[in-house]
Amino acid sequence: MDMVIQRMQLITEILVVFFCCLAFKIQASDTDADATLFYESFNETFDERWIVSEKNDYKGVWKHSKSEGHEDYGLLVSQKTRKYAIVKELDQILDMRDRRIVLQYDVRFQYGIECGGAYLKFLHPQETGWKPQEFDGKTPYSMMFGPDRCGFTNKVHFIFKHKNPKTGYYVEHHLLKPPTFPDDKLSHVYTAILDNENRLRILIDGKQRRKAKFFSADDFAPALLPPKSIFDPDDKKPEDWDERPKIPDPDALRPDDWDENAPEEIEDKEAVKPEGWLDDETDEIDDPYASKPEDWDDEEDGEWEAPKVENPKCALAPGCGVWKRPMKKNPAYKGKWHASLIDNPNYKGLWKPKLIPNPDYFELEKPNFEPIAAIGIEIWTMQDGILFDNILIASNEEAAHSYRDDTWKPKFKVEKQKQKEEEAAATDSSDFLSRVQKGVFDLLYTIANYSLFDKYKPKILELIEKGEEQPTITFGIVIAILIIILTILFKIACGGKEPELYISEPYRDVATAGASDSEGSCTEENEDEIQKGAAVGPARQKLRRRDT
């Protein structure tokens, strides 16, 4: 009997805890609902709810589209190199005074980002008669928030416009040191929290990336509060004010032996032309294996000229062409003479206008943020595939956290898992290529150790080492070594002097190493075949006018 009572008490306690948790969850959900001032999921088409700008500059086409890889819908930038503008008017104008505001939305660069913006503009009430179809880059806004990247720019903007109560003019204040954003193809959620303590916090994927104070000159430029004093715009520098701390010595004289016209370099008279210099050769020659294309039309394409290739004779010589003595530093060179500097007896320091009270100065306890009447996206981008989603304005951070967990986090996990699988597949492919390259180099080392190739072993080993340092040229290294092997086998098969091989960079040194010390030759017919087979590397062809 006691056991039954104990079990009933345990079940009762469990039920009490369960209903308490359920009540708390319902209460929290109600609180989140109350805190939600605006929310757009884009689960339904945006037509008639969001208005596309009709201005001529904004030709980019917006689409209601699924996010790549899952079923979540968003607002898609569908074309490259376009300007886009679209706006959603709120049902009620949002008062920004004396309350905490959280701005949040997701954006995904599905194909990566090179140059483009993905920020939101929060518009304050417009002048009477303004229509959403007129939305463009000149439409006044209260705040701008979101990622932007192009060239060296990579930042999450936060900009707000504040009205000077003295002048009535709006001033645009930019967040200094804005955070950068992830450079990938995943969905990310951006959150800006404006609290009641005059502070701003920016979160990316729920993690704080920047904290700033609205009244701090270190956090915003220009500062929200203007300076109390300014330089007098009417104060002018006296004509006799001398700001030069040093001046040339008026009594200094140029030495008699100072030659300003002496050249910085002179010809080295002691230099001697290197032995083996080929005076009658040129650095480049006509490609001996090039022939005039059959479809070449002299009248239409001009006179055909064989493409130029590097002269193989110059590769083995210290130089080609007319030899000139090198230049050396001129010991008599002194350059332009200048008088030495002395202290300026008339120096008065750097002049500054006098300070006067700033007529535009004002004081505030809290920023007077403009109310929000609409949300707009007005961007110029070189990218397509930018997807906006889950735009939220809330009055507390807990609501934003709840939306992140329910809407952003599930799809981010799907995208992240897919990215890991793609990276793993790419790694496997890379590992396979590495294994293939290693096998190739191991085989080449084995070949180099055959006694048949002892004479050429240093050159072969040098090439293999270059290939290991630069795996991208492995194929070229293999071709070069095969040329050496074929040259040696040709020598063994035919005897006598090997034919001179013409090989373009980067294989010329290898071929000449294999061909320079042989004796005799095979038949002229075989020699032609070997030379044609050894001509590796494409020659530079002259373009015909019809191809340009």
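In what follows, residues are counted from 1 in the order of the sequence shown.
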Steps toward ring-ring contact (aromatic ring centres under 6.0 Å, His included) verdict (Tyr58, Phe135): CA-CA 10 Å; Tyr58 299 92; Phe135 176 52; 7.5 Å; no
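- Without hydrogens or angle criteria, Arg209 side chain to Thr180 main chain gives a donor-acceptor distance under 3.5 Å.
- In the model, Tyr403 has a side-chain atom that pairs as donor or acceptor with a side-chain atom of Thr36 under 3.5 Å.
- A salt bridge links Arg149 to Asp183: at least one charged side-chain nitrogen sits closer than 4.0 Å to a carboxylate oxygen.
- To the nearest 0.5 Å, atoms CG (Leu194) and CZ (Phe145) are separated by 9.5 Å.
- Salt bridge status for Lys138 with Asp136: absent, with no side-chain N to carboxylate O gap under 4.0 Å.
- Judged by distance alone, the side chains of Tyr190 and Asp106 never bring a donor and an acceptor atom under 3.5 Å apart.
- A donor-acceptor contact shorter than 3.5 Å links the side chain of Glu40 to the backbone of Phe42.
- Taking the six-membered ring for Trp and thresholds of 30 and 60 degrees, His64 and Tyr73 have nearly parallel ring planes, at less than 30 degrees apart.
- Salt bridge Lys411/Asp72: present, at least one basic N to carboxylate O contact under 4.0 Å.
- A perpendicular orientation is assigned to the rings of Phe220 and Phe158, their planes being inclined by more than 60° (bins at 30° and 60°).
- Under 3.5 Å, the side chains of Gln104 and Thr191 contain a donor-acceptor pair of N or O atoms.
- In the model, Glu415 has a side-chain atom that pairs as donor or acceptor with a side-chain atom of Ser187 under 3.5 Å.
- One distance of note links CD1 of Ile86 with CD1 of Ile51; it measures 8.0 Å at 0.5 Å rounding.
- The backbone N or O of Val171 sits nowhere less than 3.5 Å from a side-chain atom of Lys161 that would complete a donor-acceptor pair.
- A side-chain N or O of Arg108 and one of Ser67 form a donor-acceptor pair less than 3.5 Å apart.
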Run the numbers on Asp95 and Arg97 for salt bridge (charged side-chain N to carboxylate O under 4.0 Å, His left out), then give the verdict. CA-CA 6 Å; Asp95 189 349; Arg97 293 175 297 179; 3.1 Å; yes
